[in-house]
Amino acid sequence: MTDLMQTYNRLLDHYGPRVWWPAKTPFEVVIGAILTQNTNWNNVEKAITNLRRAEALSADVILNLSIEELEQLIRPSGFFRQKAERLQLFCRHLHQSHQGSLGKLLEQPLNRAREELLQLKGIGPETADSILLYAGKRPSFVVDAYTGRLFSRLGILTGTEKYDQIRELFMAHLDDSVQLYNEYHALIVIHCKDVCRKKPLCPDCPLGDICAYKQQNS
DNA sequence: GGCCAGGACACCA
DNA sequence: TGGTGTCATGGC
């Protein structure tokens, strides 16, 4: 499966290294990972700005807010009622099981930390892997809608694979490297978000010659 | 005014 | 196990 590294190298050459995740602290990564579920990042930024102004970017403060106060702060990110509940559930778990320490949760053996995250309501596989990789600097590859879309176009996926199948494919064929996983996911997002949907298609698309979408539409 | 965005979950057959 | 409805805001 050298195709995966070939694709990575092309994206890296074209876009250059990205600095990810767009957050100032590991805890902010968690907040962003939950708020960005099926939501445009611009809306997430508005919500995080509100939390920052309210000095509510910590587990203790989020737990001490009323659910209504938290809902209003994160309202721009959409789905604000369920996301407010999810944020408080995560913070409560952190408090009860790890003395409020995100580091203690994330420094456990990878599979154990991942399973613990997945047991929390509102933390699915993509959110868990984003937290592990970008907040915990643990080698857990993040799969998202862009990953499935892009690699289906490249013929590497069929489009019917489940989340864990895709994650395991990448992890089986790539070096076990936090830096590589970090960069690869970031490059997939920047490629799909800013370039791959442009019409007319970007003439210097780094994957142009191997992308089925480009070939069908050119 | 419709479509979409860096998902997850409940419910049903 | 797979398909479908729900959750909600803001930019284009």
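Lettering of chains follows the sequences in order, A, B, ..., and the numbering in each one begins at 1.
- Not counting sequence neighbours, the partners of Ser97(A) by the side chain to side chain contact (heavy atoms under 4.5 Å, CB included) test are His93(A).
- By the salt bridge (Lys or Arg N to Asp or Glu O under 4.0 Å) test, Glu28(A) is found to be paired with Arg52(A), residues two or more places apart in sequence or in another chain being considered.
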Close N or O pairs between protein and nucleotides 9-12 of chain B (under 3.5 Å):
from, atom 1, to, atom 2, distance (Å)
dC9(B), OP1, Gly122(A), N, 2.6

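- Nucleotide dC7(C) holds its P atom 19 Å from the CG atom of Leu87(A), rounded to whole Å.
- For the P atoms, the distance linking dG10(C) with dA8(B) amounts to 22 Å, nearest Å.
- Going from atom NZ of Lys162(A) over to atom C1' of dG7(B) covers 17 Å, rounded to whole Å.
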Protein-nucleotides 8-12 of chain C N/O pairs closer than 3.5 Å?
from, atom 1, to, atom 2, distance (Å)
dA8(C), OP1, Phe79(A), O, 3.4
dA8(C), OP1, Phe80(A), N, 3.3
dA8(C), OP1, Arg81(A), N, 2.8
dA8(C), OP1, Gln82(A), N, 3.4
dA8(C), OP2, Arg81(A), NH1, 3.0
dA8(C), O4', Phe79(A), N, 2.8
dT9(C), OP1, Arg75(A), NH2, 3.0
dT9(C), O2, Asn43(A), ND2, 2.9
dG10(C), O4', Asn43(A), OD1, 3.1
dG10(C), O4', Asn43(A), ND2, 3.0
dG11(C), OP1, Lys46(A), NZ, 3.2

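- Under the rule for a salt bridge (Lys or Arg N to Asp or Glu O under 4.0 Å), Lys162(A) has no partner lying at least two apart in sequence or in another chain.
- Across the protein-nucleic acid pair, Asp164(A) atom CG and dT1(C) atom P stand 13 Å apart, rounded to whole Å.
- For the pair Trp41(A) CH2 and dG7(B) C1', the computed distance is 14 Å after rounding to whole Å.
- Legend: residues meeting side chain to side chain contact (heavy atoms under 4.5 Å, CB included) with Glu85(A), ordered by chain and number and at least two apart, are Leu89(A), Lys121(A).
- Here the P atom of nucleotide dA8(B) and the CG atom of Leu89(A) are 15 Å apart, to the nearest Å.
- Spacing of P atoms, dA8(C) relative to dG1(B), comes out at 23 Å, to the nearest Å.
- Partners of Asp176(A) by side chain to side chain contact (heavy atoms under 4.5 Å, CB included), not counting sequence neighbours, listed by chain and number: Pro139(A), Tyr181(A).
- With sequence neighbours excluded, the residues satisfying side chain to side chain contact (heavy atoms under 4.5 Å, CB included) with Arg114(A) are Leu118(A), Pro125(A), Asp129(A), Leu132(A), Ser140(A), Tyr163(A), Asp164(A), Arg167(A).
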Listing, residues 68-80 of chain A side-chain donor-acceptor contacts under 3.5 Å, not counting sequence neighbours, or none:
from, atom 1, to, atom 2, distance (Å)
Glu69(A), OE1, Ser66(A), N, 2.8
Glu69(A), OE1, Ser66(A), OG, 3.3
Ser77(A), OG, Ile74(A), O, 2.8

